[in-house]
Number of protein chains: 2
Amino acid sequence: MSNKRVDIHNSNIPQVCVACEARHHGVCGTLTPAQLTKLSQTTNKHIYSPDEEMVPAGGEISHYSNILSGVVKLTRLMADGRQQIVGLQFAPDFLGRPFRASSDISAEAATEVRVCAFPKSTLEELVNEAPELEHKLHEQALKELDEAREWILTLGRKTATEKVASFLYLIATHIDPERSLDTAPMRFELPLKRADIADFLGLTIETVSRQITKLRKSGIIELEGTRIVIVPSIAALRRASASDSF
Amino acid sequence: MSNKRVDIHNSNIPQVCVACEARHHGVCGTLTPAQLTKLSQTTNKHIYSPDEEMVPAGGEISHYSNILSGVVKLTRLMADGRQQIVGLQFAPDFLGRPFRASSDISAEAATEVRVCAFPKSTLEELVNEAPELEHKLHEQALKELDEAREWILTLGRKTATEKVASFLYLIATHIDPERSLDTAPMRFELPLKRADIADFLGLTIETVSRQITKLRKSGIIELEGTRIVIVPSIAALRRASASDSF
DNA sequence: CGGCAACTTGAAATAATTCAAAAGTAGTGG
DNA sequence: CCACTACTTTTGAATTATTTCAAGTTGCCG
């Protein structure tokens, strides 16, 4: 009998969604089985390679996605080639700018990125019939706004060392969607190369490299090769990032 | 007979809302007369003086407001006293962080600011019964997110002169909610003093002052006293701010 | 008119960039 | 498996943009 309950529960949910992370923590979490079915019919899983462009700047927005795994860079380009990463997105974030035909921001895969994509129109229809979905998108927009303002503080007022420490702290606290914010030591692979980190922090590659060396020599971090970082104490890293509020 | 129509139209709308800007371009625009009445019963108009704190950082959020006139600074403070303005808000923006008990960001009046305030709970009840209201708030959050990311580019990659020009361009295009984005010369009073501009741009007061002098000597702007700015060509100012996308 | 805060200007100090080169890492094909 | 190339990262020395420190000047409100 217990397997009947399981059957009933799952039989209403589209096969592609059953094991999907986004259904639990992402925007799909608010949808009814019927709405999930509607969405899944236009849905398209896709894998991007590192540095592949996912959504070009300026172009017509034709689809949105849920990030299933990997890290996405949101970047802005200036006329003379100067570049700035204006945001990073992690699984299971929603990716896209709702209610706009186009955007000046391009989305690029930083790592390998798996997404579940669907047409703009499908989402917009669902939003009309499911206020809970718009609420979820609203919550994510507010979360991104909080993060963007945190980053404005970092770019405007922190030193180069504090900026790099802030970046490492950001990655440490976002790279694993499951992990709780505990104090245990951490080991992870940097999703960004030095050039990307520089574009995120408004610094040069060389300065980033020097600050990483400095943090390593001061014992805040250890390195394995060039991409693997070990953080003996998250609290110490947080202190180095000067992110304590008063 | 035409005055009967006008009567019907206006008799349903609360007296305090009739002439209100926020009803046309702000979040109140989506509310029915009945909802407007409900909101207006808990509504409280208030005037803040320049540099007065409107919402303290860290504190419990008890109310939201619509800005009727003036400019509001959103600021973040670091433990050691470093300060950064992370956003500016103009009439008829909605002011507050929905769905959160508190925020690290404080709101301060930059100029004299008139607001229409109401309790957190009233808004949250209205949101539940009026999806259009949440949509409007969502749109504003997305607009603020776009602006925050624009500012991240400014802070991360522009020179001091470009930053100051970007600030002047921002003010020129936001100070007057009515004015369309035309190319005619403009004259306006700066809503921020040099110290605030420095905190917004991540610079020092002295650097801001030097760049303003530089822009004046190059003919991009003219000054009357220290707060009145004349912009002979908005296009030239925009060029100086390096805000052209490719 | 006086006094205080806001703003400007100058000179020296500093943090970060630029330019240059070396060292490490990864992928490819013989 | 090693050699070859291309790319990424590190390190060093010189240069530059911005800050810091220190006076001045201007402008505003009582």
Side-chain angles (χ1 to χ4, degrees), chain A residues 49-52 73 78 80-84 110-112 154-168 189-218 221-229 240 242, chain B residues 49-52 73 78 80-84 110-112 154-168 189-218 221-229 240 242:
Chain A
S49 321
D51 283 326
E52 198 177 342
K73 308 177 273 183
M78 290 172 65
D80 59 6
R82 280 176 283 178
Q83 203 170 2
Q84 175 71 36
T111 61
E112 176 175 289
T154 298
L155 293 178
R157 287 302 182 203
K158 292 187 188 176
T159 64
T161 312
E162 288 168 342
K163 285 181 183 178
V164 172
S166 298
F167 166 74
L168 294 172
E189 181 174 2
L190 285 178
L192 272 61
K193 63 182 83 163
R194 300 292 185 272
D196 289 331
I197 300 174
D199 279 345
F200 191 36
L201 295 171
L203 299 171
T204 59
I205 301 175
E206 296 93 326
T207 302
V208 170
S209 178
R210 280 185 248 271
Q211 305 314 317
I212 288 180
T213 301
K214 196 171 156 189
L215 288 169
R216 185 168 51 70
K217 286 186 177 163
S218 76
I221 59 169
E222 294 159 28
L223 290 181
E224 274 175 26
T226 168
R227 291 296 268 283
I228 305 284
V229 177
Chain B
S49 320
D51 283 326
E52 198 177 341
K73 306 178 273 181
M78 290 173 65
D80 59 7
R82 280 177 283 178
Q83 204 170 2
Q84 174 72 34
T111 60
E112 175 175 290
T154 298
L155 293 178
R157 288 303 183 203
K158 293 187 187 176
T159 64
T161 311
E162 288 169 343
K163 285 181 184 178
V164 171
S166 298
F167 167 75
L168 294 171
E189 180 174 3
L190 286 178
L192 272 60
K193 63 180 83 159
R194 299 292 185 269
D196 288 333
I197 300 174
D199 279 343
F200 191 37
L201 296 171
L203 299 171
T204 59
I205 300 174
E206 296 93 327
T207 302
V208 170
S209 178
R210 280 185 248 270
Q211 306 313 318
I212 288 179
T213 301
K214 196 170 155 190
L215 287 169
R216 184 171 51 71
K217 288 185 176 164
S218 76
I221 60 170
E222 293 159 30
L223 290 181
E224 273 175 27
T226 168
R227 292 296 270 281
I228 306 284
V229 176

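First the proteins, then the strands, lettered A, B, ... as listed; each starts at 1.
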Derivation of the salt bridge (Lys or Arg N to Asp or Glu O under 4.0 Å) call for B/Arg157 and A/Asp80: CA-CA 11 Å; B/Arg157 288 303 183 203; A/Asp80 59 6; over 6 Å; no
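- Nucleic acid contact class of B/Thr207 (heavy atoms, under 4.0 Å, all strands): base.
- Across C/dT18, D/dT10, D/dT18, the shortest atom-to-atom separation from the side chain of A/Thr204 is found for C/dT18.
- B/Ala198 approaches B/Val208 most closely through the heavy-atom pair CA-CG2, 3.7 Å.
- Among the protein residues, B/Leu203 comes within range of the sugar-phosphate backbone only, with heavy atoms under 4.0 Å from sugar or phosphate atoms but none that close to a base.
- In this structure, B/Asp196 atom CG and C/dA5 atom P are separated by 16 Å, rounded to whole Å.
- A straight line from CD of B/Glu189 to P of D/dC28 spans 10 Å, rounded to a whole angstrom.
- Atom CZ in B/Arg194 sits about 12 Å away from atom P in D/dC28, given to the nearest Å.
- For A/Leu223, taking side-chain heavy atoms from C-beta onward, the closest of the listed nucleotides C/dT17, C/dC7, D/dT10 is D/dT10.
- A/Lys158 and B/Arg82 get closest at one heavy-atom pair: CA-NH1, 3.8 Å.
- For C/dC7, the base has no donor-acceptor partner in the side chain of B/Glu206 [N/O atoms by modelled type, under 3.5 angstrom].
- To the nearest angstrom, C1' of D/dT10 lies 10 Å from CD1 of A/Ile212.
- Considering only side-chain atoms of B/Lys193, the nucleotide from C/dA6, C/dA16, C/dT8 that sits closest is C/dA6.
- There is a side-chain donor-acceptor pair under 3.5 Å between A/Thr161 and A/Lys214.
- Summarising the geometry, the separation between CD on B/Glu224 and C1' on D/dT26 is reported as 16 Å, rounded to the nearest angstrom.
- Here D/dA17 presents its P atom at 13 Å from CZ of A/Arg82, a figure rounded to the nearest Å.
- Projected onto DNA chain D by closest heavy-atom contact, A/Lys217 and A/Arg157 fall at different nucleotides, the more 5' of which corresponds to A/Lys217.
- A close approach under 4.0 Å does occur between a side-chain nitrogen or oxygen of B/Thr213 and OP1 or OP2 of C/dT9.
- In this structure, the side chains of B/Leu190 and B/Leu168 come closer than 4.5 Å at one or more pairs of heavy atoms.
- Nucleotide D/dT9 holds its C1' atom 19 Å from the NZ atom of A/Lys214, rounded to whole Å.
- Judged by atom type and distance alone, A/Arg210 reaches the base of C/dT18 through a side-chain donor-acceptor pair under 3.5 Å.
- Of the candidate nucleotides D/dT18, C/dC7, D/dT19, C/dC7 has the atom lying nearest to any side-chain atom of B/Ser209.
- The nucleotide whose nearest atom lies closest to any side-chain atom of B/Arg227 is, among C/dC7, D/dT9, D/dT19, C/dC7.
- Rounded to whole Å, the distance from NZ on A/Lys158 to P on D/dT19 is 18 Å.
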